[in-house]
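Have a look at the structure below before the remarks.
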There are 2 protein chains.
Amino acid sequence: MGSRKTTPLKDFSLGTHRCSVDLRLEKLGMVPFFDDLDHDELRVINQKFSATHHHADETIYHQDERARMLRVVVHGAVKLVRHTMEGKDVLLDMLEPGEYFGNLSTTGNAVYSETTRAQTDVCILSTRMNDFRSLLNDYPNVAMRVLDITAERLQSSQEKIRHLTTLPVKERIAHILVMLSEKFGEQSAYGLLLQLPLSRKDLADMAGTSTETASRIMSDLQDRNIINTGRQWVAICDIDRLADIADG
Amino acid sequence: MGSRKTTPLKDFSLGTHRCSVDLRLEKLGMVPFFDDLDHDELRVINQKFSATHHHADETIYHQDERARMLRVVVHGAVKLVRHTMEGKDVLLDMLEPGEYFGNLSTTGNAVYSETTRAQTDVCILSTRMNDFRSLLNDYPNVAMRVLDITAERLQSSQEKIRHLTTLPVKERIAHILVMLSEKFGEQSAYGLLLQLPLSRKDLADMAGTSTETASRIMSDLQDRNIINTGRQWVAICDIDRLADIADG
DNA sequence: CGGTCTGTTGAAGGATTTCAACACTCGTGG
DNA sequence: CCACGAGTGTTGAAATCCTTCAACAGACCG
């Protein structure tokens, strides 16, 4: 369990890869609002989506652009960022394969309320809003699931507000690491490794603090053998103690 | 324009009042997801709702209670509060007549994620989730509107996260006052008066700060003749300067 | 191997909280 | 009608958490 400093993360690059139909169907089936559909229905829906690839750090769309598409992550990780006038970014969420992003609302001239960037090399399925809207008409159950999931996201967004306004930075960071481990955690020689590149700035933007403070807290957690971390990667050694810190 | 200290707020008390059918229909028609419906359709929907009255400070439902009802404000103001273990509250929103609250999600055993309390004497229309769900099946357009509005609330919740993480307290409070004035502002001798009782603690819980800091900032704004304020009330004298403060 | 990006650490300064004491408003009951 | 008490708001001073500035160290890339 040496304190290795070079990245233990797996390789996300896609090369000249093209998503197979099977992979597309599998990932579409993982999207929570399609999970009631059978294989044939998924095939119909699949035809409405087109796949694109993006390299790490590439912007998929910008905040304030006209919002025309609904997208689904097939491979890799995508981050949602809100910009401020002063140049400070707020990192709202990290998405894993099977999660959707983009515009859900059916109103005509909406704009994206956040920028989305590829955190690794990614493969994305996209569909035009109009197609998605008619899809909701054809499959009322899907429409209900979409509503449920949006309501759930609203809940978790409000829970985030509670954290940001009531907890000190150390607890917020501990909480964020626990959340990320549920999405991206994979057992490894270094502990529960978060399978995505994650910088101190990313953590800071999620916790609403400065990179320096994030760095200090991560150093402290490492000194206490709770985590193991290096450039752009984090592994959790002692999830229980981390969870204890997260709630006071 | 004397700096009166006694409350200039109007009387919200209901006495032995019972909501007339006309008032109920009017307020239901103001709910954003019912606004496409004609008068006859509203009459049908109205029959699914039952009215209740609550005195100021009464709790309508508690966080973590089993979530069975969807509710609509007919008269008065309702506040949404999330509690923390440490006893700190986070005030998520203040609702005016025509706004809905409670449970939207159609999943069976959800619990309320916040406590709601009557900010004034209030009249509330309630319907059981099952009835609302079948209503969404009968009126697909309403279902679409519900989705849009939930997505909108998600947006504004994320915008709130941006404020909380990037702006200093003074700007956050200025912003909150501007928002509240759009909902509750009424012209009066004291300026644009917020027509609801609003304590320093309410403001602090909205801005994620302490009552003392909220008080200091309000005093400062009053000294600069931007607002006019007393016990449980706030009027805005110079909305332009307040808006300037709100965005740096 | 040098440059650049990322992470670390120290020290000073600032914003906000906390603790504490006091002032004002309002409702209630004598 | 007035006095009292509880709830609400104000203000000061000390303490704390966090940011900012600055310098440096380690990792990655060509």
Side-chain angles (χ1 to χ4, degrees), chain A residues 2-9 11 13 55-57 84 86-89 119 163-174 196-223 227-235 245 248, chain B residues 2-9 11 13 55-57 84 86-89 119 163-174 196-223 227-235 245 248:
Chain A
S3 63
R4 168 176 178 175
K5 289 303 161 198
T6 59
T7 185
L9 294 178
D11 183 14
S13 62
H55 288 292
D57 284 332
T84 66
E86 304 89 11
K88 285 192 175 188
D89 290 344
Q119 187 73 358
H163 284 143
L164 288 167
T165 55
T166 62
L167 302 181
V169 179
K170 181 172 292 189
E171 296 175 25
R172 300 210 297 266
I173 292 209
L196 81 169
L198 190 69
S199 68
R200 296 297 182 261
K201 178 167 192 326
D202 288 330
L203 272 171
D205 288 348
M206 273 189 268
T209 186
S210 62
T211 57
E212 293 93 332
T213 298
S215 175
R216 277 184 247 273
I217 287 167
M218 294 298 275
S219 296
D220 177 59
L221 291 175
Q222 186 158 43
D223 291 347
I227 63 170
N228 202 341
T229 181
R231 184 191 174 93
Q232 307 259 45
W233 65 273
V234 182
I245 294 170
Chain B
S3 62
R4 168 177 180 176
K5 289 302 160 198
T6 60
T7 186
L9 294 179
D11 183 13
S13 61
H55 289 292
D57 284 333
T84 67
E86 303 88 11
K88 285 192 173 187
D89 290 344
Q119 187 73 359
H163 283 143
L164 288 167
T165 55
T166 62
L167 302 181
V169 179
K170 182 172 288 188
E171 295 174 27
R172 301 209 297 263
I173 291 208
L196 81 170
L198 191 68
S199 68
R200 296 296 181 262
K201 177 167 191 330
D202 288 331
L203 272 172
D205 288 348
M206 272 188 270
T209 186
S210 62
T211 57
E212 293 94 331
T213 299
S215 176
R216 277 183 247 272
I217 286 167
M218 295 298 276
S219 296
D220 176 59
L221 290 174
Q222 185 157 42
D223 291 347
I227 64 170
N228 203 340
T229 179
R231 184 192 175 93
Q232 308 259 46
W233 65 273
V234 181
I245 293 170

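The sequence lines fix the lettering, A, B, ..., with proteins before strands; numbering per chain opens at 1. Not measured: the values here are computed from a predicted model.
What separates CH2 of Trp233(B) from C1' of dT8(D) is a distance of 15 Å, to the nearest Å. For Leu9(A) and dA27(D), the CG to P distance is 15 Å, given to the nearest whole Å. Atom NZ in Lys88(B) sits roughly 10 Å away from atom C1' in dT16(C) (whole-Å rounding). Look at CG on Leu221(A): it is 13 Å from P on dT9(C), rounded to the nearest Å. Straight-line distance from the CG atom of Leu164(B) to the P atom of dT16(C): 13 Å, rounded to whole Å. In this structure, Arg172(B) places its CZ atom 11 Å from C1' of dA15(C), rounding to the nearest Å. Asp202(A) has its CG atom 9 Å from the P atom of dT6(C), to the nearest Å. When rounded to the nearest whole Å, the span between CD of Glu86(B) and P of dT18(C) equals 11 Å.
Listed by chain and number, the residues in a side chain to side chain contact (heavy atoms under 4.5 Å, CB included) with Ser210(A) are Glu212(A), Thr213(A) (sequence neighbours excluded). In this structure Asp202(A) satisfies the salt bridge (Lys or Arg N to Asp or Glu O under 4.0 Å) test together with Lys79(A), sequence neighbours excluded. Partners of Ser219(B) under the side-chain hydrogen bond (donor to acceptor under 3.5 Å, both in side chains) rule, at least two apart in sequence or in another chain, do not exist in this structure. For Ala174(A), the side chain to side chain contact (heavy atoms under 4.5 Å, CB included) criterion is met by Leu242(A), Ile245(A), Ala246(A), not counting sequence neighbours. Asp220(B) meets the side-chain hydrogen bond (donor to acceptor under 3.5 Å, both in side chains) test with Lys170(B), Arg224(B); sequence neighbours excluded. Every residue meeting the side-chain hydrogen bond (donor to acceptor under 3.5 Å, both in side chains) condition with Asp11(A), not counting sequence neighbours, appears here in chain and number order: Ser13(A). For Lys201(A), the salt bridge (Lys or Arg N to Asp or Glu O under 4.0 Å) partners at least two apart in sequence or on another chain are Asp205(A).
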Pairwise N/O distances under 3.5 Å, protein to nucleotides 1-4 of chain C:
none

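Within residues 208-219 of chain B, the residues that place at least one heavy atom under 4.0 Å from DNA chain D are, in residue-number order, Glu212(B), Ser215(B), Arg216(B), Ser219(B).
If Asp223(B) and Asp57(B) are placed on DNA chain D by their nearest nucleotide, the residue sitting closer to the 5' end is Asp57(B).
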Quick one, Arg216(B) with Thr211(B), criterion side chain to side chain donor-acceptor pair (under 3.5 Å). Give me CA distance, side-chain angles, the key distance, then yes/no. CA-CA 9 Å; Arg216(B) 277 183 247 272; Thr211(B) 57; over 6 Å; no
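Judged by distance alone, with hydrogens and angles left aside, the side-chain atoms of Arg172(A) form a donor-acceptor pair with the main-chain N or O of Leu167(A) at under 3.5 Å.
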